[in-house]
Amino acid sequence: MIPAPFDYVRADSYDAAAAALGEHGDEAKLLAGGQSLLPLMKLRLATPAVVVDVSRARDLAYVRDDGGVLAIGALTRHCDVARSADVTAHAPLLAHAAGSVGDPQVRHRGTVGGSVAHADPSADIPTALLALGASYVVRGPGGTREVSAADFSTGFLETVLAPDELLVEIRVPSARGEAWGYEKFTRRAIDWATVAVAVQKRGGETSVALANMGSTVLRAAATEAALASGAGAADAAAHADEGTEPAADVTASAEFRRHLARVLTKRALVAAGR
Amino acid sequence: MNLTVTVNGTAHTVDVEDRTLLVHLLRDHLDLTATNIGCDTTSCGACTVLLDGESVKSCTVLAASVDGQSVTTLEGLAEGERWHRVQEGFRSKHGLQCGFCTPGMVMAAVSLLDENPSPTADQVRQGLEGNLCRCTGYHNIVAAVLDAAAAKPVTS
Amino acid sequence: MSILGTRVMRVEDPKFLTTGGVYVDDLRDPRLDGAGHVTYVRSVMAHARVTVDGSAAAALDGVLAVVTRADLADLAPPPVPLGFIPPALGRPWLADGVVRYVGEPIAAIVTESRYAGEDVAELVSVDYEPLTAVVDPRVSATDETLLFPDHGSNTALAFEAGSLDGLFDGCDVVVTQQITNQRVAPVPLEVRGTACVWEGDGDDARLTLWASTQSPHGARDQIATALSLDPDRVHFIAPDVGGGFGAKFGVSVEDLLLAVLSRRLGRPMRWTETRTENMLGMGHGRAQLQTVTIGGSRDGRITAYSLDVLQDSGAYPHFGAVLPFMTQLMATGTYDIERIAVRTKSVVTNTAPVVAYRGAGRPEATAAIERAVDMFAAEIGLDPVEVRRRNLFAKEAFPLTTQVGAAYDSGDYAGALDKVVAAAKYDELRAEQQRRRDSGDTKLLGIGVSSYVEITAGPEAGTEFARINVKPDGSVVVYTGTSPHGQGHATSFAMLAADELGVPIERITVVHGDTDLVARGGGTGGSRSLQLGGAAVHQGALETVDRARELAGDLFEAAAGDVVLDKARGGFHVAGSPDDVRGWAEVAASADAEHGLIVDTDFTAQGATFPFGAHVAVVEVDAETGKVTLLSMTTVDDAGPVINPVVVEGQRHGGIAQGVAQALFEEVRYDEDGNPQSTNLADYAFPSAAELPDFTLVDMATPSPLNPLGVKGIGEAGTIGATPAVQNAVVDAVAHLGVRHVEMPTTAERVWRAIQDAREGAK
C-alpha cells in the first residue's frame with residue numbers, strides 16, 4: 001500500500017516549517033516521525049496534498065532541565081526520551097511511557113510531539129503527560145502560547161492546534177522523587193492500549209489519567225476527588241470510569257474497558273504507593 | 001524528486017515520486033529485494049532496516065525523509081564473507097524457515113543487541129515485539145539472538 | 001554411521017541470511033520487463049447487486065485496461081477448486097452482477113506502474129444495491145436467503161457417520177456443549193503474488209507463470225483446465241514461497257486472471273496483493289460451529305460421543321467445505337469409544353471462502369473431543385489425565401479401524417501421555433495450582449492437557465515422484481514433486497539420498513517447484529512431504545544404487561550381484577576385492593557421459609499415516625482482568641523416526657505457536673452485515689515473540705508400518721495438539737470459580753465474563 005500522491009516539503013527547522021505551513025495552509029500536514037500519520041496515509045484515511053517533513057528539525061529535538069521544569073523539544077524521539085537521564089530523573093513516568101510506545105522500530109522514529117499532536121486517546125505519551133500536568137508550547141504566526149495537557153485535545157485525533165501552528169515544546173514540571181504508576185493493558189505487546197492508566201503523585205496530590213476511555217485522554221476526576229478526600233486505592237479506583245464514555249471495538253466492549261479502568265487504576269495507585 | 005541515500009555503504013542518487021516509501025526505494029529502485037513487505041500497518045517488521053544504525057520499519061518512512069542518510073539492509077550486513085554474529089546465530093539455531101520475515105528479524109535483532117548487548121530471553125522477546133514470524137513460533141529466533149549475544153562482536 | 005537422525009543445519013539458510021530469498025515480487029527475470037501491474041477492485045459489501053463502470057478509470061494515462069466480467073463473457077467459468085463441489089457454487093472470473101463477500105474481485109485494473117494501480121482503483125465506479133447478507137451459518141442453514149438460487153439450497157456438502165439411535169442409552173453421565181471453532185486467518189508472511197509471461201504465438205504460445213504456491217503441478221493443471229490449454233503449454237514455477245499453511249494450495253482466481261490479462265494485452269503481468277487484500281481474499285481457516293455430547297460411566301469410562309458440525313464454507317466453497325469430512329474421520333481421536341455418531345453440514349455465507357489451514361479439519365476434531373473429555377472429567381470429578389488414561393486405545397490394538405472408519409497405523413497414546421505428564425511435572429503443577437487457589441492469589445494457574453491423533457498424507461493413500469540424477473562428476477541432483485516453502489526438504493531429502501548413495505550432502509542438490517524440471521508432483525500440504533516425497537527419494541536412491549551396481553558390474557566385468565557399494569568411500573567394488581573402487585562419477589558417466597545416471601521413481605504409500613501426541617499447557621490467568629498468559633508448553637509429537645531433528649523441531653515449534661494463537665489470540669470476525677472487523681495485522685492479533693514462551697519438546701518415535709522410512713507427517717501435529725491443551729488450561733484455571741467452558745480465542749474479556757457469569761450463576 002502506498003499513500004495518495006502529495007507534494008513533499010522538507011523543513012529542517014521551526015522557521016522552515018512555519019514558512020511551509022504559512023504557504024500551504026490547511027492543505028499541508030506536518031510529518032514528524034510519521035509512525036501514526038504514514039499508516040493512515042497508506043490506508044488513505046489521510047490524504048494531505050502537501051506533507052511538511054519536520055522529522056529532522058534539530059532545533060526541536062532536545063531535553064533540557066529548565067530549572068524545575070523539564071523542557072522537551074516536540075521532535076524528540078520516544079527512544080531518546082526513554083533513555084534520557086533528565087527525563088528519568090524528573091519524570092520517570094514519562095520515560096517509562098515512552099519506552100512502551102509501539103515497538104523499538106517505532107520508538108526509533110516516532111516523536112513525543114508527534115504523538116501529542118496526533119491526539120490518539122489510546123496513546124501512551126499524552127496519557128503520561130496529562131498525569132504529569134504538562135503543558136504544550138504552541139507557536140504560530142500569532143505568537144507563542146502555552147496550552148495545558150488537559151485542554152489540548154478536543155476530540156478523537158483533534159487538537160487546539162490551528163493549521164498554521166506547531167507544537168514546539170513539551171514542558172513538564174519536575175516530579176523528581178515523586179511516586180508514579182503506569183498500567184497498560186493490551187492484547188499483544190505491540191498493540192495500542194486497550195486501556196491504560198497513569199498515576200503521578202506530586203506533593204500530597206495524586207493525578208490519574210486514562211487512555212482509551214473516551215475520545216481524548218482523560219483525567220479520572222472522580223478517583224482524584226475520592227483520593228483527595230482520603231479514600232484508599234481500592235475505593236478510589238472504583239470510581240475510575242465515572243464520567244467516561246469508552247468506545248466498543250474489536251478489542252474490547254465498553255463495559256470491559258470500564259472494568260479495566262477500575263482494575264488498572266487500583267494497580268497504578270498501589271504501584272504509586274497509595 | 002531527487003535524493004541521495006547511502007545504502008550498504010554505497011551512495012545512490014535517484015529520482016522518485018515524492019510519496020515513495022523507503023522500502024520501495026530499496027526494492028524497486030535499487031533492486032535490493034531482501035527487505036520484504038508483509039503488511040500495510042507497520043505491524044509485521046518484515047521491512048526492518050537500519051537507518052543511521054537504528055532499526056526502523058522502511059514501509060513507514062518516506063524515501064524523501066532519509067535524503068542524505070545511511071541505510072543498512074540485510075544485503076549489507078556481512079563484511080565480505082564474514083557474517084554478522086546475528087546471521088551466524090540464526091543459522092546455527094535454525095532461526096528461520098520460509099525466510100520471509102528473516103531479513104527484518106535479523107536487522108531488528110542487530111539493533112536490539114546494539115542497544116542491549118546482553119539481553120535476557122525475555123528482553124529478546126520484548127525487543128522483537130515489532131517483528132512477526134509465522135513459521136518458527138519464535139523459539140529458535142530467541143535462541144539465535146541469545147546465541148549471537150553470547151558470541152563476541154566481530155571487530156574489523 | 002547414518003546421517004539420518006542427526007542435526008544437519010539447513011542448506012537453504014545461507015541465501016536467506018545474506019541476500020534474502022527470491023519471492024515472486026523479488027523476481028527480476030528480464031522476460032517480466034515492461035510488465036503491467038494488476039490491481040483488483042474488490043467489493044466493499046458482503047452481498048449486493050453490482051454494476052461497474054470503469055470507463056473513467058480506463059481513460060487515464062498509464063492505464064492499460066480496466067477489465068470487468070462483461071469483458072470476459074467468452075470465457076467458461078473457472079473450474080471449481082475441488083471435484084465434488086457443486087458447479088452451481090463455483091465462483092466467476094470477476095463478480096457477475098452479484099458480489100457475495102467483502103473482498104470479492106469486481107474489476108481488474110492494469111497499469112504501467114505499481115503505484116498507479118491503487119490510485120486508479122479508487123476511480124472505478126461501482127454501484128451497490130444491497131441484498132440481505134447471510135453471515136451466520138445457522139441462518140444460512142435455514143435457506144431463507146439463498147446465495148445461489150440456482151443451487152436451490154445454501155448447503156454445499158454434508159457428511160455423516162454412525163447412528164444416533166440410542167447413542168447415549170445406559171450412560172450415567174451425559175455432558176453437552178456448543179463450541180465455536182472460530183474462523184482464523186492463515187497469514188503467511190508473504191502475501192499472494194503472481195507474475196506471468198506468454199511466449200510464442202497461436203497454438204505455440206506458452207505461458208510461464210510464477211506464483212506463491214504450495215503445489216505447482218496441481219496449479220499448472222488447474223490453469224491449463226481453466227484456459228483450455230494442454231498442460232504442456234504451461235510452465236509453472238514456485239519460486240521461494242514465504243509460507244503457505246494450506247492456504248496457498250492450488251491457484252486463486254486472481255492467478256488465473258493474470259494469465260488471461262497477460263494474453264489479451266500481450267504483456268507480461270505482475271500482481272502482488274496487499275495484506276488487507278490477503279486478509280479479505282486469500283481465505284480463512286476453521287470456522288466450525290460444533291455441538292459435542294459425551295456420555296459414560298461415573299468411573300470414567302466414555303461409551304458414547306456425538307459431534308455435530310456446521311461448517312461455514314464462506315461465499316464460494318473451497319477446501320473449507322470439505323473440512324468436515326476430515327473432522328468426521330478424526331472425531332474419535334485417541335479414544336476407544338463404543339458408540340459414536342457424526343453429522344456435518346457445510347453451508348455458504350457472505351464471507352470469504354474457507355480454505356485449508358494448518359491441520360485442515362483435524363484440529364477441529366481434536367478441539368471438540370478434547371474439550372468434551374475435559375468436561376466429562378469435570379462432571380464426574382476425576383482428573384482429566386486419569387480419564388484420558390482410562391479411554392485411550394491400547395498400544396496393543398494397532399493397527400485398528402475406528403468407529404468412523406479411520407485406519408490408524410500405529411500408536412502408543414498412553415505412552416505419549418505418560419511422557420508429557422512426567423516432563424511437565426504435572427503433579428507439581430497441580431500442587432502449585434492448589435496453593436495459589438488456597439492463598440487467594442489473583443494469578444490463577446491453569447493446566448491443560450490434550451491427547452491427539454491426526455491423519456497425514458490422506459485420506460487416500462498418496463503417491464509422489466522423485467528423480468535421482470548422479471552427474472558424471474559424481475554430484476547428485478534430486479528432483480522432487482513436493483514443493484517446500486520453509487520445511488527444509490532441500491536438506492532432509494539430501495540427507496535421505498546421501499544415506500543410501502554414500503555421497504556427502506554437500507554434493508547433493510534438491511530441485512523442486514518447477515514443472516519443466518520436475519515431471520510430476522503433488523506439492524506440499526497435508527503433512528505429506530516426507531512420508532511420500534522423502535520415501536520416493538529413498539526409493540529412488542535404492543533403485544539408483546541397484547542400477548549403478550549393474551553399471552559397475554559392466555566396468556568390473558562382474559555380475560551386478562557381486563558388486564557392493566562402499567558408502568564410506570562413495571564407490572563400488574566387487575565383493576572381496578575392496579581395493580579396486582569405481583567412484584560414483586565413473587559409474588554415472590558410464591551410463592551417459594553427458595547426463596550421468598538418471599532414475600525416475602514414484603512411491604505409493606500403503607495408506608495414510610496417523611501421527612499422535614500429547615500436550616500440556618500451563619497458563620496464568622489474571623483473575624481481575626481475565627488476561628491469560630501462556631507460561632509453558634510441553635509436548636510429545638510422535639511422527640515416527642526423525643530424519644533431521646533441527647527441521648522437525650522447527651515444524652513443531654511453529655505448529656505449536658499457531659495452535660496457541662488460535663486458542664488465545666486470533667479470530668476473524670464479521671459484523672452482522674458481513675463487514676470484516678480484522679483486515680490488517682494491527683487489528684488481527686497475530687502474536688509476536690513477546691506473547692509466547694519457549695516450548696519444551698519431548699521426543700518419541702513410533703514407526704509407521706506403511707512406508708519404508710517409518711515416518712509420518714509432522715507439519716500440522718503441533719497445531720492440532722496445542723489448541724485444545726491451551727483452551728483446556730484456561731478453563732482449568734477458572735474451573736474452581738464455576739466456569740465450565742470458555743470460547744476461543746480465550747481473550748481477557750471472555751475469561752472475565754465467564755468468571756462474572758459463573759458468579760452470577762452461583763448466586
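Computed from heavy atoms alone, side chains included, the values below leave out hydrogens, waters and symmetry copies. Order of the sequence lines sets the chain letters (A, B, ...), proteins ahead of strands, with each chain counted from 1.
Side-chain contact of C:D637 with C:T635: a donor-acceptor pair under 3.5 Å is present, judged by distance alone. With no hydrogens or angles considered, a side-chain donor-acceptor pair links C:S212 and C:E190 at under 3.5 Å. If you check the side chains of B:S70 and B:D52, you find no donor sitting under 3.5 Å from an acceptor. Counted by atom type alone, C:Y684 and C:E666 present one or more donor-acceptor pairs between their side chains at under 3.5 Å. C:S483 and C:H512 are not linked by any side-chain donor-acceptor pair at a separation below 3.5 angstrom, with hydrogens and angles left out of the test.
Heavy-atom pairs under 4.5 Å with chain C peak, among B:T102, B:L132, B:D31, at B:L132. Here C:S688 is the residue among C:A690, C:A661, C:S688 with the most heavy-atom pairs under 4.5 Å with chain B. Heavy-atom pairs under 4.5 Å with chain B were tallied for C:T18, C:V660, C:T276, C:V647; the largest tally goes to C:T18. Per-residue counts of heavy-atom pairs under 4.5 Å with chain C were compared for B:G45, B:C98, B:G38, B:C135; the largest is that of B:C98. Most heavy-atom pairs under 4.5 Å with chain B, from the set C:G21, C:A657, C:P693: that is C:P693. No other option in B:A143, B:G137, B:C133 has as many heavy-atom pairs under 4.5 Å with chain C as B:G137. The residue among B:Q126, B:R91, B:Q87, B:E75 with the most heavy atom pairs within less than 4.5 Å of chain C is B:R91. By number of non-hydrogen pairs under 4.5 angstrom with chain C, the leading residue of B:R134, B:H139, B:Q97 is B:R134. The candidate with the highest count of non-hydrogen atom pairs below 4.5 Å against chain B, out of C:A689, C:G242, C:G20, C:P186, is C:A689. When C:V191, C:N680, C:D683, C:T272 are compared by the number of non-hydrogen pairs under 4.5 Å with chain B, C:N680 comes out ahead. The most heavy-atom pairs under 4.5 Å with chain C, out of B:N140, B:L96, B:L32, B:T42, come from B:L96.
The minimum heavy-atom distance between C:T723 and C:A663, with the atom names listed, is O-CB, 3.6 Å. Between C:A617 and C:L630, the shortest heavy-atom distance links the atoms CB-CD1, 4.4 Å. Of all non-hydrogen atoms in B:G53 and B:S111, the two that sit nearest each other are O-OG, 4.3 Å. When every heavy atom of C:V698 is checked against every heavy atom of C:R652, the shortest pair comes out as O-NH2, 3.1 Å. Contact between B:V124 and B:P119 at its shortest, heavy atoms only, is CG2-CG, 3.6 Å. Listed here is the closest heavy atom pair of C:P363 and C:R358: CG-O, 3.7 Å.
If you measure heavy-atom distances from C:R28 to chain B, the contacts under 4.5 Å come from the side chain alone. When heavy atoms are compared at a cutoff of 4.5 Å, B:E17 approaches chain C solely by way of its side chain, counted from C-beta outward. When heavy atoms are compared at a cutoff of 4.5 Å, C:N278 does not approach chain B at all. Heavy atoms of B:T20 lying under 4.5 Å from chain C belong to its backbone as well as its side chain. Only the side chain of C:R114 comes within contact range of chain B, judged by heavy atoms closer than 4.5 Å. Heavy atoms closer than 4.5 Å to chain C are found nowhere in B:L77, neither backbone nor side chain. Contacts of C:I656 with chain B are absent, with no heavy-atom separation under 4.5 Å from either backbone or side chain. Both the backbone and the side chain of C:Q651 come within contact range of chain B, each with at least one heavy atom under 4.5 Å from a heavy atom of that chain. Both the backbone and the side chain of C:Y115 come within less than 4.5 Å of a heavy atom of chain B. Looking at B:D40, both its backbone and its side chain come within 4.5 Å of chain C, counting heavy atoms on both sides. With a 4.5 angstrom heavy-atom cutoff, C:D26 touches chain B via backbone and side-chain atoms both. Heavy atoms of B:S43 lying under 4.5 Å from chain C belong exclusively to its side chain. With a 4.5 Å cut-off on non-hydrogen atoms, C:V241 touches chain B through its backbone but not through its side chain. Heavy atoms closer than 4.5 Å to chain C are found in both the backbone and the side chain of B:F100. With a 4.5 angstrom heavy-atom cutoff, C:P14 touches chain B via backbone and side-chain atoms both. For B:T136, the part lying under 4.5 angstrom from a heavy atom of chain C is the backbone only.
Among the candidates B:V86, B:V110, B:V106, B:L128, the single residue satisfying the side-chain contact (heavy atoms from CB on, under 4.5 Å) test with B:V145 is B:L128.
Between B:T35 and B:S58, some side-chain heavy-atom pair lies under the 4.5 Å cut-off.
Below 30°, between 30° and 60°, or above 60°: for C:H653 and C:F695 the angle between ring planes is between 30° and 60°, a tilted geometry.
Taking the ring centroids of C:F665 and C:F686, they lie at or beyond the 6.0 Å cut-off.
Under a 4.0 Å N-O distance rule, the pair B:K93/C:D13 does not qualify as a salt bridge.
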